[in-house]
Amino acid sequence: MDFRDGVLHIGDVSALDLASRFGTPLYAYDAGVIRRQIERVQTAFQSLPFRPFYAMKANSNLSILELVRKKGYGCDCVSPGEIFLARQAGFTPDEIWFTCSNVSDDDLRAIGDPAIVINANSMSEIDRCIRLELPNPIALRVNPDIGAGAHKDVVTGGSGVKFGIDLAELKEARMVTEDAGHRVVGLHAHIGSGIATPAPLIESARRLLELLPEFANLQWVNFGGGLGVPYAPGETEFPIDDYAKELTLLADRLLRARDLTAILEPGRYIVAQSGVLLSRITARRVSNGVDWIGCDTGFNHLVRPSKYGAYHHIVNASYGSDGSLRESWNPDVRREEVVIAGNLCESSDVFTREPDGTRKPRAIDRAQIDDILAFCDAGAYGFSMASHYNERLLPAEVMVDGSSTRVIRTRQTYDDLLKGQL
Ligand code: LLP
């Protein structure tokens, strides 16, 4: 992204053109950025026996799934619906892991293909697979007793989380699985999301690798996702090459000795930076000395600020300069301080917040009604967490590739609100 003549461009396409051609609110993704991130992972880990998987929960648009698949990624799915979409995007069953979380018999039956790896999260999921006589290969999701993440609600390892088989329970999990005639083909740990440094990921990997001697039939060791991305000015890129170097040092020999393949399953790292949510300014007001801007989207389309107090950099796409962007932020430019709110009937519908959730004004370049705001780094957990709360329609999505633009999901219509209602 950059500013040309004061207007934000995504690839070579003006954000204002996108807004006028496709309407707002609108998710726009830059294919070049997705490709860059795909390749960063592949290049960093190329000396390991390695297969990257994409955690499609971050963004499950079919066009994005196809892009990662064609680059050689497998797919991490967490529900039958995700498996359905992954198959639609062309992933073959042997390229899919189904990571369970409190699944039902119906969920397990809906997997539909015996080659999909079932990554069991608990003893009762193992029991279910055995009772249903599912022939699928089984992996075990381990809680390696360490967690990390950008917010307490995205930590998925350590004590007090709902994920993973405890280390103390692992032997029993293996025995129950093997006694039923299954082989444990994989070990998996995913300790959290938005992790800024490799240290906790390496410690988790170390604990996972210590378990190898207990498992004779492994093919895969899955070190999870969780690689963070910068969201605010001054935050740095996740040092992926350091992570790769340390993981290679730790794991390469052990993996090769057993002919095992390492998996990493990043979601955010692949798509976050590619996406912006474009929204039109609809209102301005001053209340108790605070300047407010209102716009035509809300937490129904980008829930991260109100759910996690997450920071998304916001620029005025109609009026700015490269110094307005997160990555080249110039704090010395004179700007307005405004609180930015959405169009939902709920007080929590505010995008500019402190990490603890408190509302906070944000510095933004001169903004007028009908200007277009860009909520940056919104490619991950943006559309995929969207709802049509307040019966606001889900936005359209477009993929920009250089100077070309393609609609990859149409905007919902009012008829969609009637769908399924009797
Ligand atoms: N693997 C498993 C088993 C996961 O549960 C997740 C994310 C990932 C991989 C991918 O994690 P990533 O590389 O994207 O950090 N909605 C939250 C993030 C929740 C992540 C849930 N699991 C947010 O907006 O920050």
Side-chain angles (χ1 to χ4, degrees), residues 34 37-38 40-41 45 52-60 64 68 73-79 82-83 86 96-103 117-122 125 139-144 147-157 161-165 186-198 200-201 204-205 208 220-232 238 240 243 263-275 277 299 301-312 351 353 355 375 377-387:
I34 301 178
Q37 297 301 99
I38 285 172
R40 275 187 184 165
V41 173
F45 293 90
F53 277 50
Y54 169 60
M56 65 174 284
K57 61 179 76 63
N59 190 318
S60 52
I64 292 177
V68 290
Y73 277 53
C75 194
D76 164 54
C77 300
V78 292
S79 70
E82 286 198 351
I83 293 174
I96 295 174
W97 273 47
F98 176 36
T99 294
C100 300
S101 176
N102 301 332
V103 290
V117 173
I118 299 179
N119 187 20
N121 181 53
S122 68
E125 281 162 358
L140 301 181
R141 177 171 185 167
V142 180
N143 181 340
H151 182 273
K152 66 177 171 42
D153 286 343
V154 300
V155 174
T156 52
V161 302
K162 68 171 205 156
F163 295 106
I165 299 169
L187 287 177
H188 168 262
H190 170 77
I191 62 166
S193 193
I195 301 171
T197 63
L201 294 166
S204 164
L208 209 51
W220 312 91
V221 186
N222 183 337
F223 299 106
L227 289 66
V229 297
Y231 282 104
F238 181 86
I240 192 161
Y243 178 32
I263 291 178
L264 243 55
E265 46 183 24
R268 186 189 314 272
Y269 190 80
I270 303 299
V271 285
Q273 295 170 41
S274 73
L277 172 60
F299 73 68
H301 296 158
L302 182 61
V303 77
R304 302 191 68 258
S306 56
K307 185 166 168 56
Y308 312 112
Y311 182 102
H312 279 269
F351 290 108
R353 293 166 179 271
F375 295 80
D377 306 306
Y381 307 108
F383 192 99
S384 68
M385 294 183 82
S387 73

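Reckoned from all heavy atoms, side chains included, excluding hydrogens, waters and symmetry mates. Whatever order the structure lists ligands and atoms in, that order sets their numbers, starting from 1.
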Quiz item: Mind checking whether K307 and F299 have side chains closer than 4.5 Å, heavy atoms only?
Solution: no
Self-check item: side chain to side chain donor-acceptor pair (under 3.5 Å) against R268, all qualifying residues, sequence neighbours excluded
Solution: S193, Y231
Self-check item: Separation of L264 CG from F53 CZ (nearest 0.5 Å)
Solution: 11.0 Å
Quiz item: To the nearest 0.5 Å, what is the distance between CD1 (I118) and CZ (F98)?
Solution: 7.5 Å
Short N or O separations between ligand 1 and the protein, below 3.5 Å:
from	atom 1	to	atom 2	distance (Å)
ligand 1	1 (N)	E265	OE2	2.8
ligand 1	13 (O)	G226	N	2.8
ligand 1	13 (O)	G267	N	2.9
ligand 1	14 (O)	R268	N	2.8
ligand 1	14 (O)	Y381	OH	2.6
ligand 1	15 (O)	S193	OG	2.4
ligand 1	15 (O)	G226	N	3.4
ligand 1	16 (N)	Y308	OH	2.8
ligand 1	24 (O)	R304	NE	2.6
ligand 1	25 (O)	R268	NH1	3.3
ligand 1	25 (O)	R268	NH2	2.8
ligand 1	25 (O)	R304	NE	3.3
ligand 1	25 (O)	R304	NH2	3.0

Self-check item: Distance (rounded to the nearest 0.5 Å) between N222 CG and L187 CG
Solution: 9.5 Å
Quiz item: So how far is it from W220 CH2 to N119 CG, rounded to the nearest 0.5 Å?
Solution: 12.5 Å
